[in-house]
Peer 1: 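Take this structure first; my questions come after.
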Amino acid sequence: MVGPTASLTPLSRADGSASYQCPSTGSNILGSVNAPIELPGRRDALKPEDATVEVFVKPGTAPGGVGERYVEGIIKNMLGKLILGREKGYARRGVVITLAIVGGESVARGDSYLTLLPALLHTSLLALLSASVPLSMTYSATVLAVDASGEITREPSVKEAAAAVSLHVFAFSSNGHLLLNESEGPFDFETWEKVHQRALAICHGTVARSSDGDVAMAEDVDGQPLEGALREAMEEKIQQDYSWKIDAA
């Protein structure tokens with residue numbers, strides 16, 4: 001399977017930025033991070049010893065609505081636990097993440113935003129790394145759809161997601177620990193266990209054995225798990241930034 005296309009620092013006036021395109025869903029996200037910054041008019045919301053994380057999701061051609069507010073809350077809650085907001089210079093200041101949907105399949109009003117959530121999470125991670133915001137760990141995420149026959153579809157399109165019985169988004173740390181589990185629709189524990197093992201194989205490349213003895217084989221994108229594809233994008237950026245030092249050595 002062809003992996004995602006990611007680039008760092010496409011914007012020159014942000015502290016950090018990233019673009020991310022998922023070929024399977026066609027989603028194309030442009031993200032920016034400004035941190036640490038003052039949050040004017042929000043002094044009542046500032047934390048005395050920690051950073052305040054703000055997330056804004058902007059749809060490409062329509063005003064924001066309930067779907068955007070829903071995923072903003074999910075992303076803010078997850079990143080708030082990963083950003084080391086007590087580092088020097090971050091207390092009583094803000095980390096502002098803006099994510100714009102600039103291409104690909106659009107999510108219509110009333111459709112599930114879970115199809116775009118992994119791309120939004122990956123863009124956020126790369127933009128935070130671009131801005132040198134301290135993090136406790138990195139992660140990778142994927143979305144899976146389950147149809148009426150029990151077949152699992154990786155990275156479903158908006159049309160496939162609308163026809164699915166249930167949708168599931170998982171995010172795993174670089175150590176394979178589950179960080180995020182968001183689901184929509186009816187499902188039983190056996191179904192959840194299957195999609196969990198499949199997601200772990202996609203993101204982390206871990207070969208895991210389920211309770212019934214079946215083995216979930218690792219699924220590659222460009223010959224590596226999804227986590228590796230994201231790491232490769234970051235390594236390319238570092239090599240570009242420090243090529244002068246490498247050449248001098």
Side-chain angles (χ1 to χ4, degrees), residues 1-35 53-79 82-83 95-109 111-131 133 135 138-145 154-161 167 169-172 179-180 182 202-203 221-222 226-227 229-234 236-237:
M1 179 178 179
V2 178
T5 302
S7 64
L8 276 72
T9 322
L11 304 176
S12 59
R13 297 189 179 182
D15 294 328
S17 60
S19 65
Y20 182 92
Q21 183 177 19
C22 180
S24 55
T25 62
S27 55
N28 192 5
I29 313 296
L30 180 64
S32 69
V33 169
N34 289 290
V53 180
E54 296 285 355
V55 178
F56 302 98
V57 176
K58 307 291 185 181
T61 58
V66 177
E68 288 76 25
R69 303 296 84 79
Y70 169 58
V71 291
E72 284 174 0
I74 294 173
I75 297 169
K76 179 179 178 179
N77 183 56
M78 177 174 162
L79 295 181
L82 303 184
I83 294 172
V95 177
V96 179
I97 304 165
T98 304
L99 303 164
I101 304 167
V102 296
E105 291 185 316
S106 60
V107 178
R109 194 71 66 197
D111 288 343
S112 175
Y113 238 98
L114 291 187
T115 55
L116 282 178
L117 183 54
L120 294 169
L121 287 170
H122 291 152
T123 308
S124 300
L125 173 64
L126 293 173
L128 287 167
L129 293 173
S130 172
V133 174
L135 302 173
T138 60
Y139 59 83
S140 55
T142 190
V143 57
L144 300 169
R154 173 181 178 177
E155 304 286 351
S157 64
V158 173
K159 183 177 181 180
E160 289 172 331
L167 288 173
V169 172
F170 295 92
F172 298 93
L179 298 178
L180 177 70
E182 288 290 328
I202 292 170
C203 292
V221 287
D222 287 343
L226 186 55
E227 177 197 6
L230 295 173
R231 186 188 298 114
E232 189 176 81
M234 191 64 198
E236 288 178 0
K237 175 59 179 174

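All values derive from a computational prediction rather than experimental measurement.
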Peer 1: Between Ser19 and Pro10, what is the shortest heavy-atom contact and its length?
Peer 2: N-CG, 4.1 Å

Peer 1: Considering only heavy atoms from C-beta outward, does the side chain of Tyr139 approach that of Leu79 to under 4.5 Å?
Peer 2: yes

Peer 1: What are the two closest heavy atoms between Val95 and Val33, and how far apart are they?
Peer 2: CG1-CG1, 4.4 Å

Peer 1: Let me confirm one number: the CG-CZ distance from Leu126 to Arg231, rounded to the nearest 0.5 Å.
Peer 2: 12.0 Å

Peer 1: Does any part of the side chain of Val66, heavy atoms only, come nearer than 4.5 Å to the side chain of Tyr113, both counted from C-beta?
Peer 2: no

Peer 1: Strictly distance-based, threshold 3.5 Å: is any side-chain N or O of Asp15 a donor or acceptor partner for the main-chain N or O of Ala35?
Peer 2: yes

Peer 1: Report yes if some heavy atom in the side chain of Leu135 is under 4.5 Å from a heavy atom in the side chain of Leu125; otherwise report no.
Peer 2: yes

Peer 1: Restricting to salt bridge (charged side-chain N to carboxylate O under 4.0 Å, His left out), what partner residues turn up for Glu182, sequence neighbours left out?
Peer 2: none

Peer 1: Glu68 and side-chain contact (heavy atoms from CB on, under 4.5 Å): which partner among Leu116, Val55, Val57?
Peer 2: Val57

Peer 1: Please give me the minimum heavy-atom distance between Pro156 and Leu167, naming the atom from each residue.
Peer 2: CG-CD2, 4.1 Å

Peer 1: Can you name the nearest heavy-atom pair linking Pro4 to Ala229, along with the distance?
Peer 2: CD-CB, 4.2 Å

Peer 1: Are side-chain heavy atoms of Ser124 and Leu99 found at a separation under 4.5 Å?
Peer 2: yes

Peer 1: If you define the side chain from C-beta out and look only at heavy atoms, does anything of Leu30 sit under 4.5 Å from Leu11?
Peer 2: yes

Peer 1: Less than 4.5 Å apart, side chain to side chain, heavy atoms only: is that true for Leu117 and Ile75?
Peer 2: yes

Peer 1: Work out which heavy atom in Ser140 is nearest to a heavy atom in Cys203; give both atom names and the distance.
Peer 2: OG-CB, 3.2 Å

Peer 1: Looking at CD1 of Ile74 and CG of Leu120, how far apart are the two atoms once the value is rounded to the nearest 0.5 Å?
Peer 2: 10.0 Å

Peer 1: Working to the nearest 0.5 angstrom, can you tell me the gap between Thr138 OG1 and Glu227 CD?
Peer 2: 6.0 Å

Peer 1: Measuring from Ile29:CD1 to Ile101:CD1, what's the distance to the nearest 0.5 Å?
Peer 2: 5.0 Å

Peer 1: Sort out for me which residue in Leu230, Asn28, Thr5 forms a side-chain contact (heavy atoms from CB on, under 4.5 Å) with Tyr20.
Peer 2: Leu230

Peer 1: Is a side-chain donor or acceptor of Thr98 paired with a backbone partner of Phe56 at a separation under 3.5 angstrom?
Peer 2: no

Peer 1: Going from CD on Glu155 to CD1 on Ile202, what distance comes out if it is rounded to the nearest 0.5 angstrom?
Peer 2: 7.0 Å

Peer 1: How close do Leu114 and Pro118 get, counting heavy atoms only, and between which atoms?
Peer 2: O-CD, 3.3 Å

Peer 1: To the nearest 0.5 angstrom, please state how far the CD1 atom of Ile97 sits from the CD atom of Glu54.
Peer 2: 9.5 Å

